[in-house]
Amino acid sequence: MVSFGKDLQYYKFCAYGFLKNLRFFEPFLILFFLEKGLVFFQIGTLYAIRELATNILEVPTGVVADVMGRRRTMIFSFLFYIFSFLIFFYSASYAAFVVAMLLFAVGEAFRTGVHKAMIFTYLKIKGWEDQKVHYYGHTRSWSQLGSAVSALLAAAIVLYTGEYQTVFAYATIPYVLDLGLLASYPAMLDGRNEKRKKESILLTFKTIIRSFYIAFKDILLLKAVNNTSLYSGYYKAVKDYLQPILQALAVSLPLMVHLNKQQRSSILIGVVYFFIFLLTSFASRHSGKVAARFSNLSKPLNYTLLIGLVIGLLAGFFYDLGWTILAVGLYILIYPMENLRKPIGVGFFAEKVKGNILASALSVQSQVGTLWAALIAIVLGVLTDTLGIGLTLVVTSSLLLLVTPVFWLKEKH
């Protein structure tokens, strides 16, 4: 077995992942929107716009990456991110935030999968293809470290400035550095294909439509797609609602009362999110061990879906009762459950689905997950404005639990 070397490009890949995950705004995004006067329905629509736009744009941007070259595509991606951050920083209206979310979605669509393709191209050039799992795992670990460090730095920024919007200004710094880093990548990683034209985009859309047709005509495959994507959509939609709960807890504690609400909440949020990212990393690394305890992968997918939704229901129930610390403890578990399920879900499709439609199944899973996330985000927004966060979590989780039996996978071979 050929082992890979930790050359300069290896450290560039690691640095990219670390800087990319310094998204200082993530632990405070909903709190930022609330501070700007938005209601939860508006916040829900912003989340839905981000998810749907990213998903739709991934198709043409994938072809653009082939035509323009991966380095240039990634640079454009980070420019869109930076413009998005600046709009968030300088603006205060819902309409401006819609534009910022769309720019962010373009950045996400340009970036998704492109950097991973560059890593695999580099391994092929160096003759290290048999090391792709280990190599990618090493570089991804720096991304996880970046997320954990980001939570603490974000807390320090809010503590120092006393307001949430400044995290967007500071977030431009690592992204400018990453932009320069990407420009220094060697040209051999571009993977350009000038022959790709607009027909390729149409062909890709036709492939996606065909993938949906394959999934929806096969009841068992449709169940599997929804089983694996339902919780992902739920996770994306509800995860940030932890922020106002943590803020309420921080304000209720008789500590640092001389600081304003933003500063008091920043400390608790930073520490909790740092712990969450460590927990999610641990869950992801040990998902294989969890799956190995079951006779087939249907069981852990079914059980983790059920447990994850019940956790969300109980977190909302206890928060509504005023048991905030217990609610926070349960809410935190929603995060590692997603990181536990994702590798198991990919393994399930690889094991159960025929090779010639595996790519189609995984594509549909991603698309359906986005639709669930957009739908749940809007429902959460509408209900939270009238019922509050606690009851909304109870109602939303209960409704999803009612449909869970429809997507329950057979647990026998």
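Quick note: numbers below take in every heavy atom, side chains included, and nothing from hydrogens, waters or symmetry partners.
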*Kindly indicate, with the supporting measurements, whether the criterion side chain to side chain contact (heavy atoms under 4.5 Å, CB included) is fulfilled by L103 and Y81.*
CA-CA 7 Å; L103 289 174; Y81 279 133; over 6 Å; no
*Taking atom CD1 of I325 as the centre, report whether more than 12 heavy atoms of other residues, nucleotides or ligands fall under 6.0 Å from it.*
no
*Count the heavy atoms of every other residue, nucleotide or ligand shown that sit under 6.0 Å from CZ of F76, and state whether that count exceeds 12.*
no
_Looking at F41, is its backbone amide N or carbonyl O close enough to the side chain of D385 to form a donor-acceptor pair, meaning the two atoms are under 3.5 Å apart?_
yes
*Do Y234 and Y231 have their ring centres less than 6.0 Å from each other?*
yes
*Polar side-chain atom of R71 near backbone of L182 as donor-acceptor pair, under 3.5 Å*: no
*For F28 and Y164, what are the C-alpha separation, side-chain angles and deciding distance, and is it a ring pair (Phe, Tyr, Trp, His ring centres under 6.0 Å)?*
CA-CA 7 Å; F28 303 102; Y164 295 130; 5.5 Å; yes
*Decide yes or no for R72 and D190: does some side-chain heavy atom of the first lie under 4.5 Å from some side-chain heavy atom of the second?*
no
*asked:* Does S150 form a side-chain hydrogen bond (donor to acceptor under 3.5 Å, both in side chains) with E26? I'd like the steps, not just the answer.
replied: CA-CA 9 Å; S150 177; E26 283 193 334; over 6 Å; no
*Hey, is the main chain of V394 close enough, under 3.5 Å, to the side chain of S397 for a donor-acceptor pair?*
no
_Option passing side chain to side chain contact (heavy atoms under 4.5 Å, CB included) with L181 (candidates L177, D178, L179)_ = D178
*Would you please test Y319 and L393 for side chain to side chain contact (heavy atoms under 4.5 Å, CB included) and show each step?*
CA-CA 9 Å; Y319 182 65; L393 278 172; over 6 Å; no
_Aromatic contact between F33 and F40, with the criterion being ring centroids under 6.0 Å apart: yes or no?_
no
_Close aromatic pair by centroid cut-off 6.0 Å: Y185 and H115_ = yes
*Looking only at atom types and distance, does a side-chain atom of D240 sit under 3.5 Å from a main-chain N or O of I30, one as donor and one as acceptor?*
no
_With heavy-atom distances below 4.5 Å as the criterion, would you say the side chains of Y94 and K36 are in contact?_
no
*Are the ring centres of F32 and F25 closer than 6.0 Å?*
no
*Please answer whether the main-chain N or O of G381 pairs with a side-chain N or O of T384 as donor and acceptor at a distance below 3.5 Å.*
no
*Mind telling me whether F78 and Y16 have parallel, tilted or perpendicular rings, with 30° and 60° as the class edges?*
perpendicular
*Is T161 reaching over with its side chain to a backbone N or O of E163, donor-acceptor style, under 3.5 angstrom?*
yes
*asked:* Does E35 form a side-chain hydrogen bond (donor to acceptor under 3.5 Å, both in side chains) with Q262? I'd like the steps, not just the answer.
replied: CA-CA 10 Å; E35 185 182 59; Q262 290 85 348; 2.8 Å; yes
*Below 4.0 angstrom, N of the basic side chain to O of the carboxylate: do E108 and R23 qualify?*
yes
*Determine yes or no for a side-chain-to-main-chain donor-acceptor pair under 3.5 angstrom, with N55 supplying the side chain and T370 the backbone.*
no
*Give the intermediate values and the outcome of side chain to side chain contact (heavy atoms under 4.5 Å, CB included) for residues W372 and N226.*
CA-CA 9 Å; W372 276 116; N226 279 281; 3.0 Å; yes
_Are N302 and F407 packed together at the side-chain level, in the sense that at least one heavy-atom pair is separated by less than 4.5 angstrom?_
no
*Side-chain donor/acceptor of S77 to backbone N/O of G107, under 3.5 Å*: yes
*Starting from the C-alpha separation in whole Å, work towards a yes-or-no answer on side chain to side chain contact (heavy atoms under 4.5 Å, CB included) for F88 and M101.*
CA-CA 9 Å; F88 277 124; M101 276 297 193; 4.2 Å; yes
*For the side chain of T396 and the backbone of T392, is there at least one donor-acceptor N/O pair under 3.5 Å apart?*
yes
_Using only atom types and a distance under 3.5 Å, with no angle test, would you say the side chain of Y335 pairs donor to acceptor with the backbone of K239?_
yes
